[in-house]
There are 2 protein chains.
Amino acid sequence: MSDSTTVPQENFAQTLADSGLRSTPQREVIYSILLNKRDHPTADEVYARVKAELPTISLATVYNCLETLVGCNLVRAVNFDREPTRYCPNLRPHAHFHDDEAGSTHDIDLPPDLLDRVKAILPPGYNASSIEISFRGRTVPEAANN
Amino acid sequence: MSDSTTVPQENFAQTLADSGLRSTPQREVIYSILLNKRDHPTADEVYARVKAELPTISLATVYNCLETLVGCNLVRAVNFDREPTRYCPNLRPHAHFHDDEAGSTHDIDLPPDLLDRVKAILPPGYNASSIEISFRGRTVPEAANN
DNA sequence: GTGGGAATTAGAATAATTCCAAAGAAACTT
DNA sequence: AAGTTTCTTTGGAATTATTCTAATTCCCAC
């Protein structure tokens, strides 16, 4: 189930506990939904999916849980322009490509040295806590292995 | 007034005309406001500044004009997380750094080859029309020349 | 099994942006 | 220069994503 990019289920509770937080059914299900279908769903989409398992969950809880997971680095939030925030359980360094035609978002793995080179452009005194590299455009199905 | 990063006033009308658009007082003033103070203002901030010169302008027009200028590549829109969109007349390749403490946004010039290297990570079939590299964090005044 | 902090819930509120329909210029046409 | 078309602006309503709030519920420690 887990690969090098994600936190295995058994560490999930621990990671939360490390931040003084509890593992709850809502948090677990939401995290598993993100692992299950890696299509960068929005909060609304997560809400729709989680209701199948927890029919009484509220949208506010979905937002709360997602924010919590982002806060303890179990999940990354991805933003494109004025689009709703999307969520991604891939913790490996990667960029994002947003296909404007399809509306879909894809992970693009980053060569490890490249992230370092990008970080290196910051002048002294600029202390970055996060970096985001994002592309927008079209994917050409014929040309891609896709 | 203009430098290598911006469009000189005399080309402004032409650039609009190339897209079948007119140069209007509202568009001109808004563009000059962006040139004048390069602090990445939001639409609201532009609105406040433009009212000094055009007191009857509406917020909708500010949004319209900014979108128009972005559309014909006179201006770039910059987004950070869920913050309001900011606008920037710097057309040179550059990244953005958002200082969470001060709420300010800074341009970070990109070495020309770096943008190419970043573009090169895209698999075949991924056709990017725009790239954005953005940092969030703090700036440390003591360490910076700033 | 009771008290207290944490978490969830539903709904109201907010903030940024977009939509809409009407009124106002500007530019072509003849 | 009047008429027509097209582009632009305007104010206000509407929309969308998200956050806030207050009330309940849950869970663990005592």
Checking side-chain contact (heavy atoms from CB on, under 4.5 Å) against A:Asp107, which of A:His40, A:Arg38, A:Arg92 comes through?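 Option passing the side-chain contact (heavy atoms from CB on, under 4.5 Å) with A:Asp107: A:His40.
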
Can you list the residues that meet the ring pair (Phe, Tyr, Trp, His ring centres under 6.0 Å) rule with A:Phe97, with sequence neighbours excluded?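 Scan of A:Phe97 (ring pair (Phe, Tyr, Trp, His ring centres under 6.0 Å), adjacent residues dropped) gives B:Tyr126.
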
All ring pair (Phe, Tyr, Trp, His ring centres under 6.0 Å) counterparts of A:Phe80, not counting sequence neighbours: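 A:His98.
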
Basic-acidic side-chain contact under 4.0 Å: A:Arg138, A:Asp99: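 Result for this pair is no, no salt bridge flagged.
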
For the side chain of A:Arg22, counting heavy atoms from C-beta on, which of D:dT9, C:dT9, D:dC27 is nearest?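 Taking heavy atoms from C-beta onward, the closest nucleotide is D:dC27.
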
In this structure, how many angstroms lie between the [atom2] atom of [N] and the [atom1] atom of [X], rounded?
{"X": "A:Ile30", "N": "C:dT8", "atom1": "CD1", "atom2": "P", "answer": "8 Å"}
{"X": "B:Arg27", "N": "D:dC7", "atom1": "CZ", "atom2": "P", "answer": "11 Å"}
{"X": "B:Glu28", "N": "C:dA26", "atom1": "CD", "atom2": "C1'", "answer": "14 Å"}
{"X": "A:Leu21", "N": "C:dA6", "atom1": "CG", "atom2": "P", "answer": "9 Å"}

Which residue pairs satisfy the salt bridge (charged side-chain N to carboxylate O under 4.0 Å, His left out) criterion with at least one member in residues 64-74 of chain B, sequence neighbours excluded?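 The answer is none; no pair qualifies.
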
Are B:Arg82 and A:Asn79 linked by a side-chain donor-acceptor pair shorter than 3.5 Å?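 B:Arg82 vs A:Asn79: donor-acceptor pair found between side chains.
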
Does either side chain, that of A:Glu132 or that of A:His96, offer a donor lying less than 3.5 Å from an acceptor on the other one?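 Yes, because at least one side-chain N or O of A:Glu132 sits under 3.5 Å from a partner of the opposite role on A:His96.
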
Side chain to side chain contact (heavy atoms under 4.5 Å, CB included) evaluation trace for B:Ser23 with B:Phe12: CA-CA 8 Å; B:Ser23 182; B:Phe12 181 80; 3.7 Å; yes

Under the rule for side-chain hydrogen bond (donor to acceptor under 3.5 Å, both in side chains), what residues qualify as partners of B:Glu101, not counting sequence neighbours?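 Listed in chain order: nothing, the list is empty.
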
Any side-chain N or O of [X] less than 4.0 Å from the OP1 or OP2 oxygen of [N]?
{"X": "B:Thr24", "N": "D:dT8", "value": "no"}
{"X": "A:Thr56", "N": "C:dT9", "value": "yes"}
{"X": "B:Gln26", "N": "D:dT10", "value": "yes"}

Please tell me which of B:Gly20 and B:Thr61 maps to the more 5' nucleotide of DNA chain D, matching each residue to the nucleotide holding its nearest heavy atom.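 Mapping each residue to its closest nucleotide by heavy atoms, the 5'-most match is B:Gly20.
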
With sugar-phosphate taken as primed atoms, P, OP1 and OP2 and all else as base, the protein-contact string of nucleotides 11-22 of chain C at under 4.0 Å (heavy atoms; B, S, -) is B----SBBB---

Please report the end-to-end axis angle for the helix from C:dG1-D:dC30 to C:dT30-D:dA1, five pairs per end, rounded to 10 degrees.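 The angle, to the nearest 10 degrees, is 20°.
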
